[in-house]
Amino acid sequence: RATQARTSATLAEAASQETRDAITRVLTVVDLQRAIALIERLKALHRDNKWDASLGHYQDLRAMLADIDARHPAPTPELHTTLREAIVQIRVIEDSVDRALRDNTEPSGARNFNRGLNTVQVGLEQIASSTHFPGSEANR
């Protein structure tokens, strides 16, 4: 009976961990989708030269990416690098917009902001598509 109880406890713990991992993967994909939507919003604001409105979103996007980096269920060096580089890219854009608003000028490099955000977005989409779910078609 003790052996059966230990086996049952081990199986229950494994099932519990699998459930936690699955929830983490779902939340990660949701966070990635939110970050991608925010990038789309920023690109629209950039196209419309709405620098004041865009300034409030960079910090939120950087925080989202840092959270994804910390919580991703299958961290790899490549994933970490992609997210860190995205955070740096967004910080560079934010700093340029912030300086321009203080100086009442157009942000330096503004024509390239959306190109940089597109690169970040592609990286996030790749992370989302590589976040597999046990039993899903992606793993078969």
- Query: What distance do L65 atom CG and I90 atom CD1 have between them, rounded to the nearest 0.5 Å?
  - Reply: 5.0 Å
- Item | SB check D95 R99 (cutoff 4.0 Å) | no
- Q121 and E125: side chain donor to acceptor below 3.5 Å: yes
- R20/E13 salt bridge by N-O under 4.0 Å criterion: yes
- Taking the side chain from T28 and the backbone from T24, do they hold a donor-acceptor pair closer than 3.5 Å? yes
- Query: Would you say R84 has more than 12 foreign heavy atoms packed within less than 6.0 Å of its CZ?
  - Reply: yes
- Which of Q89, R62, H57, Q59 passes side chain to side chain donor-acceptor pair (under 3.5 Å) with E94? It is R62
- Message: If you define the side chain from C-beta out and look only at heavy atoms, does anything of D69 sit under 4.5 Å from T82?
- Response: no
- Message: Working to the nearest 0.5 angstrom, can you tell me the gap between L117 CG and L38 CG?
- Response: 9.0 Å
- Item | E85 side chain reached by T119 side chain, heavy atoms, under 4.5 Å | no
- Could you walk me through whether L124 and L83 pass the side chain to side chain contact (heavy atoms under 4.5 Å, CB included) check? CA-CA 8 Å; L124 298 182; L83 291 170; 3.7 Å; yes
- dist L61:CG -> S54:OG (nearest 0.5 Å) comes out at 11.5 Å
- dist M64:CE -> I36:CD1 (nearest 0.5 Å) comes out at 11.0 Å
- Query: So, S96 side chain and I93 main chain: donor-acceptor pair closer than 3.5 Å or not?
  - Reply: no
- Message: Just verifying a value: how many Å separate D98 CG and L55 CG, rounded to the nearest 0.5 Å?
- Response: 5.5 Å
- Message: With a 3.5 Å distance limit and no angle check, can you tell me whether S16 reaches the backbone of A12 through a side-chain donor-acceptor pair?
- Response: no
- Item | Rounded distance (nearest 0.5 Å) linking atom CG of D60 with atom CZ of R41 | 12.0 Å
